[in-house]
2 protein chains.
Amino acid sequence: MSDAADALIEHCREAGQRITGPRRIIANVVVKSDDHPDVSEIYRRVTAIDPGISLSTVYRTLKIFAATGLVERHSFAGGRVRIEPASEVHHDHLIDIASGAVIEFRSDEIERLQALVARELGFELTGHRLVLYGRPLVRTLRRARKP
Amino acid sequence: MSDAADALIEHCREAGQRITGPRRIIANVVVKSDDHPDVSEIYRRVTAIDPGISLSTVYRTLKIFAATGLVERHSFAGGRVRIEPASEVHHDHLIDIASGAVIEFRSDEIERLQALVARELGFELTGHRLVLYGRPLVRTLRRARKP
DNA sequence: CTATTTAATGAGAATCGTTTGCAAATGCAT
DNA sequence: ATGCATTTGCAAACGATTCTCATTAAATAG
Ligand SMILES: [Mn+2]
Ligand SMILES: [Mn+2]
Ligand SMILES: [Zn+2]
Ligand SMILES: [Zn+2]
């Protein structure tokens, strides 16, 4: 149905995996999830389409997609893993502690400094995990002054 | 026995907690743990001193210490929580993917940029989590060239 | 120092997210 | 369509952490 989902299953096939009904559905659900859902939320969305698909299959399939680099698994605060379709450009996340919303951002400056710091410590940076937590700034509303 | 451990139990007392044998021992183990051990490692070290102390007590006590700000709980990659005594100055961590060793570092530049990024997104930065993963640079050994 | 009060402990059961074993179902190459 | 390997659903197993509750021990008052 979606082009991105097709790409997903195509990668799967190339990796020698069979294209099954459950995998098609899970791929579709994942690619249109821009809200970093956890696995049980994915399961909810998947079973809304086909109630017969099991939680095990969702877990297994997500693991395969992740191994193939098609899906990213984040572990923000709180036990459960959150899922997002792999994106072209790397980004990090800010979590709104008021609403729990996940906001994406990218800072080339920070990326650069991370590599630099690692180098200074005698390491080649191979990966990193950056999560910011923030409270929404109370935007001072412009309004009529009391008379 | 240790001054830092004394500070820990003193804080405990001020927080209205009882100073018990297990807590003294756990405090001592924690303050001299500079290697970010996980809870079962702490348990191992604690029971080496007093084999009667239970895992539940270790978990409970660490939670209390964390709530009082005396201990920090990190969740690096891999399920289990890692423990370190709270330090005066904030720092982040780099993990040597070759050995698993945890190296501490501090980058004022990165800290500053994080706050800036958050502000630009409309948030006041309240916390963050930064972990770098790196492979040790092969230090090119100076050695005799082949003749 | 002893009695009283109350919080802390140890042992184990419970929980939660995730993984695994296995028989039945299905994809896919022939 | 046939045959075989892979995938599935189900339930049981798992590992880390938390909880329950009867027992023990710290603090405090006498
Ligand atoms: Mn994202
Ligand atoms: Mn540290
Ligand atoms: Zn990044
Ligand atoms: Zn930091």
Side-chain angles (χ1 to χ4, degrees), chain A residues 6 8-27 29-30 36-68 70-83, chain B residues 6 8-30 36-44 46-68 70-83:
Chain A
D6 287 344
L8 245 176
I9 63 152
E10 193 44 46
H11 273 251
C12 254
R13 173 168 298 144
E14 281 164 21
Q17 309 279 355
R18 290 187 179 173
I19 304 312
T20 69
R23 287 184 181 169
R24 256 181 238 281
I25 292 175
I26 294 168
V29 165
V30 164
H36 307 81
D38 59 26
V39 177
S40 52
E41 176 57 29
I42 301 245
Y43 175 63
R44 233 166 276 131
R45 296 176 192 180
V46 162
T47 49
I49 300 173
D50 177 349
I53 294 175
S54 77
L55 183 56
S56 316
T57 297
V58 172
Y59 270 106
R60 276 188 289 237
T61 304
L62 289 176
K63 190 185 289 190
I64 288 170
F65 286 176
T68 331
L70 305 168
V71 153
E72 279 170 43
R73 284 142 49 114
H74 302 287
S75 48
F76 302 143
R80 70 206 79 172
V81 166
R82 315 270 303 252
I83 301 293
Chain B
D6 286 346
L8 245 177
I9 64 151
E10 195 43 47
H11 273 250
C12 253
R13 173 169 296 145
E14 280 165 22
Q17 308 279 358
R18 290 186 180 174
I19 305 310
T20 69
R23 287 184 181 168
R24 256 181 239 279
I25 292 175
I26 294 167
N28 268 295
V29 166
V30 165
H36 307 80
D38 59 26
V39 177
S40 52
E41 176 58 29
I42 300 246
Y43 176 62
R44 233 167 275 131
V46 162
T47 49
I49 300 173
D50 177 347
I53 295 174
S54 77
L55 183 56
S56 316
T57 297
V58 172
Y59 270 106
R60 275 189 293 239
T61 304
L62 289 176
K63 189 185 290 190
I64 289 169
F65 287 176
T68 332
L70 305 168
V71 153
E72 278 169 43
R73 284 143 49 114
H74 302 287
S75 47
F76 301 143
R80 69 208 78 171
V81 165
R82 315 270 304 252
I83 301 293

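So you know, we letter chains A, B, ... as the sequences are listed, proteins then strands, and number each from 1. Only heavy atoms go into these numbers, but all of them, side chains included; no hydrogens, no water, no symmetry mates.
- What separates CD1 of B:Ile26 from C1' of C:dT9 is a distance of 10 Å, to the nearest Å.
- Among the protein residues, B:Arg18 comes within range of the nucleic acid bases, having at least one heavy atom under 4.0 Å from a base atom.
- Between A:Arg82 atom CZ and C:dG17 atom P the separation is 13 Å, expressed in whole Å.
- Atom OG1 of A:Thr68 is separated from atom NE2 of A:His11 by 9.0 Å, given to the nearest 0.5 angstrom.
- Using a 4.0 Å heavy-atom cutoff across all strands shown, B:Gly21 reaches no nucleic acid atom at all.
- Applying the 4.0 Å criterion to OP1 and OP2 of C:dT18, one finds that A:Tyr59 has a side-chain N or O inside that range.
- Contact annotation: B:Gln17 reaches the phosphate of C:dA8 (side-chain N/O to OP1 or OP2, under 4.0 Å).
- For the pair A:Tyr43 and A:Ile53, the tightest heavy-atom approach, listed with the atom from each and the gap, is CE1-O, 3.4 Å.
- The C1' atoms of five pairs define one axis at each end of the helix from C:dC1-D:dG30 to C:dT30-D:dA1, and these two axes lie 30° apart (to 10°).
- For the residue pair A:Arg82 and A:Phe76, the shortest heavy atom distance occurs at CG-CD1, 3.8 Å.
- Taking the side chain of A:Ile19 as heavy atoms from C-beta on, and the options C:dT19, D:dT8, C:dC28, the nearest nucleotide is C:dC28.
- For B:Ile53, counting side-chain heavy atoms from C-beta on, the closest listed nucleotide (C:dG17, C:dG10, D:dT8) is C:dG10.
- For A:Ser54, no side-chain nitrogen or oxygen approaches OP1 or OP2 of D:dT8 to under 4.0 Å.
- In terms of heavy-atom proximity, B:Ile26 sits nearest to B:Phe65 at CG2-CE1, 4.2 Å.
- Contacts of B:Thr20 with the nucleic acid, taken as non-hydrogen atoms under 4.0 Å apart, involve only primed sugar atoms and P, OP1 or OP2.
- Nucleic acid contact class of B:Arg60 (heavy atoms, under 4.0 Å, all strands): base.
- Along DNA chain C, the nucleotide nearest to B:Ser56 and the one nearest to B:Arg23 differ in position, and the one closer to the 5' end is contacted by B:Arg23.
- Closest approach of A:His36 to A:His74, counting heavy atoms only: CD2-CD2, 4.4 Å.
- Within the 3.5 Å criterion, the main-chain N or O of B:Val81 finds no donor-acceptor partner in the side chain of B:Arg73.
- When rounded to the nearest whole Å, the span between NZ of B:Lys63 and C1' of D:dT17 equals 8 Å.
- In this structure, B:Leu62 atom CG and D:dA16 atom P are separated by 15 Å, rounded to whole Å.
- One interatomic measurement links the two molecules: CG of B:Leu55 to C1' of C:dA14, which rounds to 15 Å at whole-angstrom precision.
- Judged by distance alone, the side chain of A:Arg13 and the main-chain N or O of A:Ile19 form no donor-acceptor pair under 3.5 Å.
- Here C:dG27 presents its P atom at 9 Å from CZ of A:Arg24, a figure rounded to the nearest Å.
- A donor-acceptor pair under 3.5 Å is absent between the side-chain atoms of A:Thr61 and the main chain of A:Val58, judged by distance alone.
- Atom CD1 of A:Ile64 and atom P of D:dT6 are 12 Å apart (whole Å).
- If you take CZ of A:Arg13 and P of D:dT6, they are 17 Å apart, rounded to a whole angstrom.
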